[in-house]
Amino acid sequence: MKLSNEFKFAGKRQMIVFAASLLLPLSVIAASQSPTPDAEQVKRGEYLSRAANCMGCHTTRGGEPYAGGRTLKTPFGEFVTPNITPDDETGLGRWNNEDFWQALHSGKARDGSYLYPVFPYTEYTKITREDADAMFAYLRSLKPVAQTNPPHKINSPYDNQFLLFLWRTWYFKEGVYEPDNSKSEEWNRGNYLVQGLGHCNACHTPRNVWGATQDSKLAGGEIMGTYWYAPSLISPLEAGVGEWSTGEIVKLLSTGINEHAVTSGPMATIVRQSLQYLSPEDMRAMAVYLQSIGEKRNGNEAPKKIPPMPERVSKYLALGKPVYEKHCQGCHGESGEGVPGIYPPLAGNRNVTMTSPHNTIRSVLYGGFPPVTAGNPRPYGMPPFQHIIRDNEIAWVVSYIRNTWGNLGSLVSPEEVDNSRGNEF
Amino acid sequence: MKFIIFILLWTISNLANALEPMPPKISDTLEQRVKPCIICHGDEDRAGRDAYYPRIAGKPAGYLFNQLRNFRDGQRYYQAMAILLENMSDDYLLEIAHYFSFLKYPYPQPTANTLSPGETQAVETLIHSGDPDRDIPACSACHGKALTGTKPFIPSLLGLPHAYLAAQFGGWRNGGIMRGQTPDCMSEIANKMTQEEVNALAMWLPTQPVTGESAEAEELPPELVQRCQTILSGEGFIQ
């Protein structure tokens, strides 16, 4: 046959050229359509770094991204975040994958000294090697920024590597996240995102006097060095979301606001810098996990009985009513019902009734806007009242909203208002 | 009978409505969104309460946009505003800047001039001719002949409270992170003046009635544009 004949004559060399000429156009197409594995890895690393919000801490306000210089105040001193751009002299330019893994997974600097757990390696230790390598590939792809940051100002005696060593022995458990095979893949993904990359524990877990997060994970805690209380993600009386639908959870965490709640202060910043960029799948996985750890109120339990109010108390509350009507009602409504997606309700709002009145007082003192996100690009704001009404009026109105429309919470004094003042600005 | 049932149903449904709280009526406008700003930058006469709050209505949009970014990014310091702007995007700040630039609030009454004729003379010379020996251009060369600003980045000098003016000069002269990338043309000029001149300027400017249109950017001399490069480049500003 003609064809086979021709092939017989074709030498090996021609065959290879022939095959190559067939493949060449293919490989050209491949190169122009899908990025090389490296670019793919960098892109994944960028996504993961967002989810871990590395930029949030390693960038000072208005400064070069990832060049560090932001001061984090804690009871142990003031820490200044290092430059993690690939600059040889002042950043991670000379680091390799191994050095980076040692920092993220084991909390050790390149020279082997212990890093302070203000850098939440206590949570990042759960991140997989593959993810860590991708994040490092991304950091290496950044423009190097030559920026030397000031040293930490650590209070004595905490500026001591031996103490850090002891601390680590007691409180630091090194180890990558281990999936729970009795649970779904989605749940495990959510767990990994919350406990590892998202480092929600860094704020939402109570700390002991040594600054270590305690066993009661995500049970809520005062954030060190700030004046905010990060509520429990377990308790239905605080920010546990066991009774919400996954859709409602996703909406709050990806847009910053839903019908029941709004994120403020440090949480609003986390939503803007990090959570709004999670893929719909990851966001859902996070919601599924959060929903599963949230406790539910006992269904048979009689609704909270409001005890009869001593006259002294009702007199105190009555002082808050006119303040509310004059300054708050226009937005939050006659019965504290708010406007869905615009102004949060105050009736039945757990942030208002929570044991700690801190966040509520801060909202009234300083006001705020929910974060600008793709899902809520033009938010409505709340005015600061610290210049408008006096501390005792703020105490009255906060006590009032904590104890009206079925809400039940402790009364707030002008001293507590004053104690909630102060912030990082 | 039918009628009575109808009335009954009607009252019941009304009662139900009455129990269902009526949410406040909220308009989908920028005015509603920026309510928190109006508390301090509103049109009421604030002189009695706190003479420090500056006017922002009617200022050029590029200038407002630059300042809003400065406050957000820690390059101009005022705690109350830093907290409000913390989580805002450039896009939203630009929209807010345009909104306030179009607002027309009445200007405050000029204050009485308590400077001596000699001091007044010196201030007016500085404003309209500058001092070439010290490399101080006339204020009017940048801020416009009527001192009502040059669009879109240079603000008006009129209609500002005395305390606010004094604080701005103080900020520029004491260094630190006052505004944007210091030093810029305005901080350089403020540092070339004497404390007496600065005091007199902060006294004299509020005595002037606000009249006349703001100047257009094309009227700025090129060497002064060069001098204010960091501000006038207005990266990210869209008209």
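Chain letters run A, B, ... following the sequence lines, proteins first, then strands; residues in each count from 1. When reading the values below, keep in mind they use all heavy atoms of this one structure, side chains included, and skip hydrogens, waters and symmetry mates.
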Are there more than 12 heavy atoms of other residues, nucleotides or ligands under 6.0 Å from atom CD of B/Q109?
no
Considering only heavy atoms and a distance below 4.5 Å, find which of A/C331, A/G256, A/G367, A/G63 pairs most often with chain B.
A/C331
Nearest-0.5 Å distance that lies between atom OH in A/Y343 and atom NZ in B/K35:
6.0 Å
Between atom CE of B/M88 and atom CZ of A/F369, what is the distance when rounded to the nearest 0.5 Å?
3.5 Å
Fit a plane to each ring of A/H387 and B/Y78, take the angle between them on a 0 to 90° scale, and name the class: parallel (under 30°), tilted (30 to 60°) or perpendicular (over 60°).
tilted
Strictly distance-based, threshold 3.5 Å: is any side-chain N or O of B/Y92 a donor or acceptor partner for the main-chain N or O of A/P379?
yes
Return yes when atom CD of B/E31 has more than 12 non-hydrogen atoms of other residues, nucleotides or ligands closer than 6.0 Å, and no otherwise.
no
A/P371 portion near chain B, given a 4.5 angstrom heavy-atom threshold:
both
Smallest heavy-atom separation, A/Y380 atom then B/T29 atom, equals OH-N, 4.3 Å
May I ask you to name which of A/A268, A/G336, A/G368 has the most heavy-atom pairs under 4.5 Å with chain B?
A/A268
Using a cut-off of 6.0 Å, state whether more than 12 heavy atoms not belonging to A/K153 lie near its atom NZ.
no
Work out which heavy atom in B/N87 is nearest to a heavy atom in A/G265; give both atom names and the distance.
ND2-O, 4.2 Å
Main chain of A/R378, side chain of B/R33: is a donor-acceptor contact present, judged purely on distance under 3.5 Å?
yes
Please flag which part of A/Q329 lies under 4.5 Å from any non-hydrogen atom of chain B: side chain, backbone, both or neither.
backbone
Search all heavy atoms of A/P383 against all heavy atoms of B/I39 and return the closest pair with its distance.
CB-CD1, 3.2 Å
For the CD atom on B/E223, are there more than 12 heavy atoms of other groups (residues, nucleotides or ligands in this structure) within a distance under 6.0 Å?
yes
Quick one: does B/L84's side chain get under 4.5 Å of A/P384's, heavy atoms only?
yes
Side chain proximity check, B/R72 to A/R61, heavy atoms < 4.5 angstrom
no
